[in-house]
Protein chains: 2
Amino acid sequence: MRTTKPTRRSDCPICYSLDFLGDKWTLLVVRDLVFMGKRHYGEFLKSDEGIATNILADRLSKLEAAGIIRKSVDPESRVKNVYTLTEKGLDLVPLMLELVAWGAKHDPQTGAPKAFVRRLREDRAGVIKEIRKRLAKG
Amino acid sequence: MRTTKPTRRSDCPICYSLDFLGDKWTLLVVRDLVFMGKRHYGEFLKSDEGIATNILADRLSKLEAAGIIRKSVDPESRVKNVYTLTEKGLDLVPLMLELVAWGAKHDPQTGAPKAFVRRLREDRAGVIKEIRKRLAKG
DNA sequence: CCGGATCCGTTTCGATACTG
DNA sequence: CAGTATCGAAACGGATCCGG
């Protein structure tokens, strides 16, 4: 997930995260994990945006290499794989919520359900905790 | 800044922001604006990552079209342009800080100065306010 | 000098077809 | 179901040129 070219990163506080955040499809997969409850390859594939199979495979493996998700065999089907967020991945929830809030504020007609946004504004910590709990017990 | 292909975005709370966030160079420019105090074309050009002139021009115009930055003539030189964050752009500060915190937590050896990260953890609101103030009076 | 625009060779991405 | 292989399209990097 890191850049191949080892540019100096001196005082830059966010460069590290850029390879992960600076990619549309990666972000989309994380969204599906966090907000959509998706866990299987086939589910990610069916998102509205229409990710290609090779791209999905690539991003999943990069997310795994970055320690953000974990791949395991679905105990219920034995033939499917399950992708779940690691602790590092769960720590992205606040970031994703920040993104939701920003989008909702500056482009209200698109995006997040009003009720959810209001709750997010009033009880950020509570929303975070709830999402984490839901994801953790998955 | 929006996608050309108008995909359905139904319940997706963050799709709107993806075109902006899902691009390495755009994010890098915003970083330079928020944390590095850069304001001129030439300054962005000189970042460690080495953005090309055509790419930079493209991202700046897209950021302007998205209402995140504003372009004006430098009153001090009359030949330079100044790029500053709009209100919408300033509202990205919390998001960027979330990113910093995440990177710092999960990849400590790279990235943000320790002291800054600690202050961020202890007084998030204060850090946000301070950065906004610094950027606003610029 | 500053802020781009343009052209071009190279790399990377991604849609589709195909496979274990 | 979960991916690879292929191949055309798009993005990128670098050099160069140009208007103010």
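Below, chain A is the first sequence line, B the second, and so on; all start at residue 1.
A/Ile51 places its CD1 atom 13 Å from the C1' atom of D/dG3, with the value rounded to the nearest Å. As rounded to whole Å, 14 Å separates atom C1' of C/dC2 from atom CG of B/Leu60. Atom CG in B/Leu56 sits about 13 Å away from atom C1' in D/dG13, given to the nearest Å. Spacing between atom NZ of A/Lys80 and atom P of C/dG20 amounts to 23 Å, rounded to whole angstrom units. Residue B/Ile55 contributes atom CD1, which lies 16 Å from atom C1' of C/dG3 at whole-angstrom precision. A straight line from CZ of B/Arg78 to P of D/dG19 spans 23 Å, rounded to a whole angstrom. With rounding to whole Å, B/Glu43 atom CD is found 9 Å from C/dG3 atom P. Atom-to-atom, CD of A/Glu49 to P of C/dA15 comes out at 12 Å; the value is rounded to the nearest Å.
No hydrogens or angles were tested; on distance alone, nothing pairs the side chain of A/Thr53 with the base of D/dA5 as donor and acceptor under 3.5 Å. At a cut-off of 3.5 angstrom, the base of D/dG14 holds at least one donor-acceptor pair with the side chain of B/Asn54.
Closest to the A/Ala57 side chain, of the nucleotides D/dT4, D/dA2, C/dG3, is D/dT4. Among D/dG20, D/dA2, C/dG3, the nucleotide with an atom closest to any side-chain atom of B/His40 is C/dG3. Side-chain atoms of A/Asn81 lie closest to D/dG3 of the nucleotides D/dC12, C/dT16, D/dG3.
Inter-residue side-chain proximity for B/Leu95 and A/Trp102 is flagged as unmet; no heavy-atom pair is nearer than 4.5 Å.
Applying the 4.0 Å criterion to OP1 and OP2 of D/dC12, one finds that B/Arg59 has a side-chain N or O inside that range. For D/dG3, the OP1/OP2 oxygens have a side-chain nitrogen or oxygen of A/Lys71 closer than 4.0 Å. Distances shown here put every side-chain N or O of B/Tyr41 at or beyond 4.0 Å from the OP1 or OP2 atom of C/dC1. Look at A/Trp25 and you won't find any side-chain N or O under 4.0 angstrom from OP1 or OP2 of C/dT12.
Between A/Arg124 and A/Glu98, at least one side-chain nitrogen of the basic residue sits less than 4.0 Å from a carboxylate oxygen of the acidic one, meeting the salt-bridge criterion. Taking the charged nitrogens against the carboxylate oxygens, B/Lys38 and B/Asp32 do have a contact shorter than 4.0 Å, which makes a salt bridge.
More than 12 heavy-atom neighbours from other residues, nucleotides or ligands sit within 6.0 angstrom of CD on A/Glu122.
Looking at every heavy atom in both residues, A/Phe20 comes nearest to A/Ile68 through CD1-CD1, 4.0 Å.
At the heavy-atom level, B/Phe44 lies nowhere under 4.0 Å from the strands shown.
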